[in-house]
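FYI, side chains are in, hydrogens and waters are out, and symmetry mates aren't considered; it's all heavy atoms of this structure. Atoms within each ligand, like the ligands themselves, are counted from 1 in listed order.
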Amino acid sequence: MSRLPVADRRAVRRALRELIVRDRRAVLVVLALHGAAAIAGLAPPWLLGTIIDRVTAGAGAATVDRLALAICGCVLTQALLSRYAQYAGHRFGERAVAHLREEFVRRTLGLPVSVVERAGSGELAVRSSIDVSTVGTTVRDVVPTIVIASLQLTLLFGAIFLLHPLLGLVALAALPSIWAVTRWYLRRASSAYLAEGAAAAELTETLTATAEGARTVEALRIADDRIRHGTARIARLWATRRATLALRTVFFTVVEASYPLPVAAVLLVGGYLFSRGMVSLGAVAAAALYLQQAIEPLDRLLQWTEQAQRGLASFARVLGVGLVASEPPGTAATSRGDRLVVRGARFAYAAGHDVLHGIDLDVRPGERLAVVGPSGAGKSTLARLLAGIDAPRQGVVSIGGCPVTDLDPAERRRRIALVTQEHHVFIGSVRDNLAFAAPDASDDEMRSALRTVGADWYAELPDGLDTPIGDGARQLGAAEAQQLALARLVLADPHTLILDEATAALDPTTARRTERALAAVLTGRTVIAIAHRLNTAHDADRVAVLSDGRITEIGSHHELVRADGAYAALWRSWHAEAPGGATR
Ligand code: ADP
């Protein structure tokens, strides 16, 4: 199974830049507000230093009161600015996430069907749910926190430098050790935590298996073996836990130890500078307070760095979906006519294993062709080639003289419709479910389409076309879902229809009635029906028998019965087995 690609670092950086640039005014406002709040936060320590200096110089209570009032004013201003900064930041984040989600949906819908099928729906589901929401948190919370914390730290250290350059240098003393230990930790953390998660999952699996299979364990007397197995798993988990604990022990110890160190150094160097009269007492006090203030943003920065890395990994996976070449726009001008011609078509899912070995087929417009054959003969594969979902490895499938895969995808879907056994009912009203086949269809047309396909249940819906259906609302059964899909087909009214056991979920009588009603509505349309009920073959203009990737017989029902070949045998045995289903 081929995986969907993952974007590289450059692409992730570019995408992040684009997110910021497309909403740059909001980003500037957020940055300006946070910057102003941080500057307002710088004032109190400086004012406190001023109080100390003034009091030392003999100032009275009135000066202290005035300065204390100024401190209160600054704190209040900071709180207000922070509040608006957060608000603006979240609004930006929500807009960015909404944009990301929309982009993701657009890209996903642009993926060629064959790519989605090969990657598996799980892969796409994880990317569209877990990854997109991780990116959402990152864009909304993590990136702003990191940007703001960095801004605050720059301003705080800048302020210490302004007080005295030497104090600034001393204050930076702790940063190299924090930087080094963070790098050391991050390099090891993700693999260590992944290993811990995997070991925990394995242990749970082992214990659950032993508990659920307790009787078997007893019957086979393998309790000792299971205990050994469990103990080994516990030992693995213990080892991986110790590994992560060791990482945390080093990381947090170094970080925690790094915090008081520069404060002490600033006090020490500050005391020396003060004794030489090079700096005021207030300045030393302010510098120590700034350092104390820096701990909180530094902590936040460290905490969120790991989360940011996880977010970037998810972002790379989300962007990877966009790296799949979307369906190429058609290279062909619109083809002339609707004659479907297959010449020498070969196809393989895996290299070297052809499933179709040179198919030749001519279907004239308006013809009804039934394709029958044993399971695994390649009928569904042929249907996919005819619908242009896959291109033949060799040979050509053309409509009106133009290869189907060269048609513009939108044009191709408008002209050729493939209906399989798998139907999806979208959450929404009946009308919504029908409208995407024909957005302009009137209510009457929708009702008549439902009637045509025998969807009698429609009459009992409480709100008619507005009745909500799908998960969480009225659930449709397999047969009802199939009828809905067929009603869509009637509304879409394509020139060529490929029905791959499209009535398999209906009971034989309803299926036959529906097929006949469809045939009446779709007069003049080319219909290729892959059928496991031979009624369909009986009613068709021609029948093609597919066997082991080759068309072995082709002709009208009567011709083939007369020829007394494989189809005739199939018809006789089916007729004998299902007389009820075969009645006209
Ligand atoms: P039918 O519709 O006649 O039952 P299919 O066209 O589904 O036959 O399958 C033809 C052959 O191709 C089978 O051998 C099947 O195992 C194989 N095949 C079908 N789909 C895939 C796929 N997605 N990947 C690999 N092999 C496939």
Side-chain angles (χ1 to χ4, degrees), residues 1-4 111-125 324 327 340 342-361 363 368-397 404-405 416-424 478 482 485-486 489 496-506 511 515 527-538 540 542-554 557 560 565-567 569-571 573-574 577-578:
M1 184 184 287
S2 66
R3 296 251 143 201
L4 292 169
L111 290 178
V113 177
S114 51
V115 170
V116 177
E117 286 181 354
R118 259 164 237 150
S121 55
E123 170 89 5
L124 210 53
V324 179
E327 278 187 294
L340 199 56
V342 184
R343 283 285 171 269
R346 289 174 182 277
F347 182 82
Y349 287 101
H353 293 281
D354 276 2
V355 190
L356 296 178
H357 310 272
I359 301 280
D360 289 306
L361 193 63
V363 189
R368 275 144 220 282
L369 176 78
V371 180
V372 300
S375 171
K379 303 184 295 293
S380 296
T381 309
L382 179 61
R384 291 167 65 86
L385 293 197
L386 293 175
I389 292 175
D390 285 316
R393 179 176 72 74
Q394 231 181 50
V396 64
V397 177
V404 277
T405 42
I416 311 174
L418 169 67
V419 179
T420 66
Q421 289 183 55
E422 293 166 29
H423 305 303
H424 189 73
Q482 197 150 60
L486 291 170
L489 191 67
T496 304
L497 278 77
I498 302 160
L499 305 173
D500 186 356
E501 307 206 337
T503 53
L506 307 181
E515 277 172 15
V527 180
I528 298 162
I530 291 168
H532 67 295
R533 293 195 186 107
L534 293 196
N535 276 330
T536 316
H538 179 275
R542 275 195 306 165
V543 182
V545 181
L546 199 64
S547 170
D548 199 14
R550 292 183 179 82
I551 293 181
T552 50
E553 289 176 23
I554 187 159
H557 167 82
L560 292 187
Y567 177 76
L570 216 60
W571 173 255
S573 72
W574 185 79
E577 272 173 28

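Considering backbone and side-chain atoms together, G378 places an N or O closer than 3.5 Å to an N or O of ligand 1.
A side chain to side chain contact (heavy atoms under 4.5 Å, CB included) with I498 is found for exactly one of L418, T420, V527, namely L418. Only one option out of T536, L489, I528, V371 pairs with L499 in a side chain to side chain contact (heavy atoms under 4.5 Å, CB included); it is L489.
Using a 4.0 Å cut-off between heavy atoms, A350 makes no contact with ligand 1 at all. With a heavy-atom cut-off of 4.0 Å, T381 touches ligand 1 through backbone and side chain alike.
When each atom of ligand 1 is checked for a heavy atom of K379 under 4.0 Å away, the hits are 1 (P), 2 (O), 3 (O), 4 (O), 6 (O), 8 (O). Within the listing of ligand 1, atoms 3 (O) sit less than 4.0 angstrom from a heavy atom of P374.
Side-chain atoms of L369 and L361, non-hydrogen and from C-beta on, do get closer than 4.5 Å to each other. Contact annotation: the side chain of L386 never approaches that of I416 to less than 4.5 Å [non-hydrogen atoms, C-beta and beyond]. Taking 4.5 Å as the limit, some side-chain heavy atom of P112 sits within range of a side-chain heavy atom of V324.
Atom 21 (C) of ligand 1 is flagged as protein-proximal [any protein heavy atom, distance under 4.0 Å]. Under the 4.0 angstrom criterion, atom 16 (O) of ligand 1 counts as lacking any protein heavy-atom contact.
For the pair A348 and D354, the tightest heavy-atom approach, listed with the atom from each and the gap, is CB-OD1, 3.3 Å.
Remark: side-chain polar atoms of K379 are not paired, donor with acceptor, to backbone N or O of V545 under 3.5 angstrom.
Given atom 13 (C) of ligand 1, the protein heavy atom at minimum distance is G376 O, 3.9 Å. Distance from atom 10 (C) of ligand 1 to its nearest protein heavy atom, with residue and atom name: V355 CG1, 3.2 Å. Atom 7 (O) of ligand 1 has as its closest protein heavy atom S380 CB, 3.7 Å. Summary of contacts: the protein heavy atom closest to atom 19 (C) of ligand 1 is Y349 CE1, 3.4 Å.
Using bins of under 30°, 30° to 60° and over 60° for the plane-to-plane angle, the ring pair W571/H538 lands in the parallel bin.
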